[in-house]
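To start, the structure under review is shown below, and the notes come after it.
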Amino acid sequence: MASEMHSVSPEITIQNAALETSIASAKQGLLKFRQPDGHWVFELEADGTIPSEYVLLRHYLGESVDAELEGKIANYLRRTQGKHGGWALVQDGDFDMSASVKVYFALKMIGDSTDAPHMVRAREAIRSRGGAVNVNVFTRFLLAMFGILSWRATPVLPVEIMLLPMWFPFHLNKMSYWARTTIVPLMVLAALKPRAQNKKGVGIDELFLEDPSRIGGIKRAPHQSRAMFAFFTGIDILLRAAEPYFPKKLRAHSIAKAVEFCEERLNGEDGLGAIYPPMANMVMMYEVLGFPADYPPRAIQRRGIDKLLIVGEVEAYCQPCVSPVWDTALTAHAMLETGGDEAFGPAKEGLDWLATKQVLDVKGDWAVKRPDLRPGGWAFQYNNAYYPDLDDTAVVMMAMDRARRQTGGKEYDVALDRGREWILGMQSGDGGFAAFEVDNLEYYLNNIPFSDHGALLDPPTEDVTARCVSMLAQLGDTVETSKPLADGVEYLRRTQLVEGSWYGRWGLNYIYGTWSVLCALNAVGIDHQDLAFRKAVAWLLSIQNEDGGWGEDAVSYRLDYKGFEAAPSTSSQTAWALLALMAAGEVDHPAVARGTRYLMDTQTEKGLWDEARYTATGFPRVFYLRYHGYSKFFPLWALARFRNLKSTNSKTVGVGM
């Protein structure tokens with residue numbers, strides 16, 4: 001075990017001069033990424049599905065071919081092909097059927113020969129696993145629009161759902177924001193059943209072991225209850241039979257409501273929901289409704305999609321969204337930890353930029369359940385006023401509070417008061433906090449045929465709850481004076497796993513969750529000898545890699561949870577583990593010195609770190625993220641905190657993160 005290894009490992013001494021050099025180099029590297037107006041935004045990379053969908057969208061719309069751009073996207077897709085012949089959701093991950101089918105389709109659309117070695121390997125990998133019949137629901141909708149599958153292969157999504165009352169078991173506001181914004185334009189597409197222009201006439205029948213036009217409904221997903229899935233499949237069958245008889249006026253009214261919903265949440269070029277799938281669905285919705293390409297909302301949305309592209313000299317890909325608020329807030333924390341005028345000035349400018357992004361005038365979809373609550377949160381992207389999130393809000397607020405402590409100023413007081421008011425109003429009944437919603441606990445919805453991804457809901461999670469608890473504690477709340485804080489702490493105690501870790505919903509995975517919670521428990525003032533701390537520390541020590549770093553594989557999200565899944569060390573996961581151990585009062589533990597040495601030894605000449613592995617989560621088991629900023633600000637943060645704690649007598653972290 002790694003914990004036993006510490007007893008025989010030689011004591012590692014971190015030289016102050018070398019540590020200062022490492023911190024200074026990382027700080028300079030990070031400052032070079034600052035935007036002219038003071039904020040930071042780094043690339044946000046997913047898997048091959050989004051760039052593939054982008055290529056297919058252009059051909060769906062019949063747009064002129066941009067051979068140079070498509071060639072660069074093809075280079076990216078070919079490079080990311082796995083050893084198994086298909087494409088994975090993370091670097092070096094297992095074969096994923098839907099990703100592999102979409103990438104193969106995109107490459108064939110771009111012009112890659114089906115006889116090319118990489119295409120042969122991909123085709124064989126897909127067919128050897130049962131063929132493209134095994135793709136997920138979203139891929140089925142795409143293939144239906146290209147005429148490869150019949151619409152019988154997709155679940156029924158009546159657009160009349162737009163008119164259902166809130167008490168109805170299936171309602172838009174009973175699902176997560178990302179599902180809601182994706183489904184609304186998709187319902188219009190499902191109602192009108194458009195056909196892609198596909199001027200090249202490209203198909204992928206060779207990926208199926210049967211006639212794709214005869215394929216029917218989808219199979220039950222592993223997370224779905226056999227009985228509940230059968231029940232909802234029966235409803236799907238009834239709806240499919242009844243749908244042709246729905247009144248035309250009712251359908252037209254429902255479509256108008258869907259268009260209205262989308263246009264209210266357009267966010268300019270930031271797009272519907274400010275994430276790729278709804279944006280693409282909205283453009284296709286306008287297309288089937290007959291709105292011309294220059295119709296302003298359609299044109300704006302289409303330009304917004306192109307703004308997600310990352311185009312290099314050789315490769316290009318499409319981001320799922322952008323993350324400027326998250327990147328700026330976390331970079332500000334790293335800079336504030338680093339200290340000194342050269343770091344504080346840019347951090348303060350970043351926070352001033354963030355102050356302009358607080359949502360104060362729009363009651364988003366969250367207000368359906370909290371109609372009397374004033375807005376006051378921050379969104380993840382540049383503009384997404386209907387969907388601020390608690391995680392970003394808490395992280396921004398903690399950084400602002402750190403800055404005002406240093407300056408003694410009051411410029412953030414109003415922003416912090418409004419943010420605190422909003423987060424307190426968004427606490428769920430179980431004491432936890434979710435990312436975007438309140439009490440979004442309609443778990444039965446994950447059993448409908450559409451929800452084979454199992455990500456229809458946004459329930460409270462350990463990492464977001466920890467962030468909100470940290471923020472409240474940093475602003476002065478205590479468990480004695482604040483019932484919301486006490487309830488949040490109780491939620492965290494209740495959700496600790498037997499081995500001592502906590503689940504990480506938005507970062508990968510138990511390392512991220514454990515870091516988040518230990519920061520919160522420390523901020524609340526719980527004794528470091530408390531059993532919750534001791535179990536978590538022992539777990540973190542037990543999973544340290546031989547090289548001194550920490551790493552965790554995406555397989556840890558498996559439904560049949562079998563505990564921690566080891567992986568090669570990464571700079572971001574190592575930083576989380578170090579920050580967690582230091583929050584638990586373990587700055588002097590030899591494991592912390594070894595982890596610090598790992599970061600110093602793996603730092604590049606530019607002062608930053610190379611990190612190809614994915615360490616963030618969009619949807620467990622379905623969609624993962626590689627934040628290019630994580631390897632830039634988290635290691636600096638950990639190194640600076642190590643230096644700061646070593647140079648003080650208290651050895652206690654005095655802030656919420």
Residue of the set Phe564, Tyr561, Trp502 for which ring pair (Phe, Tyr, Trp, His ring centres under 6.0 Å) holds with Tyr510: Tyr561

Neighbour count >12 (heavy atoms, 6.0 Å) for atom NZ, Lys257: no

Arg643 atom CZ: more than 12 heavy-atom contacts under 6.0 Å: yes

Gap between atom NE2 of His333 and atom CZ of Arg402 - 0.5 Å precision: 6.5 Å

Atom pair CZ (Arg641) and CE (Met657), whose distance is rounded to the nearest 0.5 Å: 8.5 Å

Enclosure of Asn649 CG (heavy-atom neighbours >12, cutoff 6.0 Å): no

Any side-chain heavy-atom pair of Met426 and Thr393 under 4.5 Å: no

Ring centroid separation Tyr614 to Tyr624 under 6.0 Å: no

Carboxylate-amine/guanidinium contact Asp365 Arg180, below 4.0 Å: yes

More than 12 heavy atoms of other groups within 6.0 Å of Lys483 NZ: no

Identified ring pair (Phe, Tyr, Trp, His ring centres under 6.0 Å) counterpart of Trp178 within the set Phe623, Tyr387, Phe619: Phe619

Test applied, ring pair (Phe, Tyr, Trp, His ring centres under 6.0 Å); reference residue, Phe634; option that passes from Phe42, Trp515, Tyr627: Trp515

Any donor-acceptor N or O pair under 3.5 Å, side chains Ser516, Arg467: yes

Distance (rounded to the nearest 0.5 Å) between Tyr512 OH and Thr615 OG1: 9.5 Å

Check: Asp401/Gln474 side-chain N/O donor and acceptor closer than 3.5 Å: yes

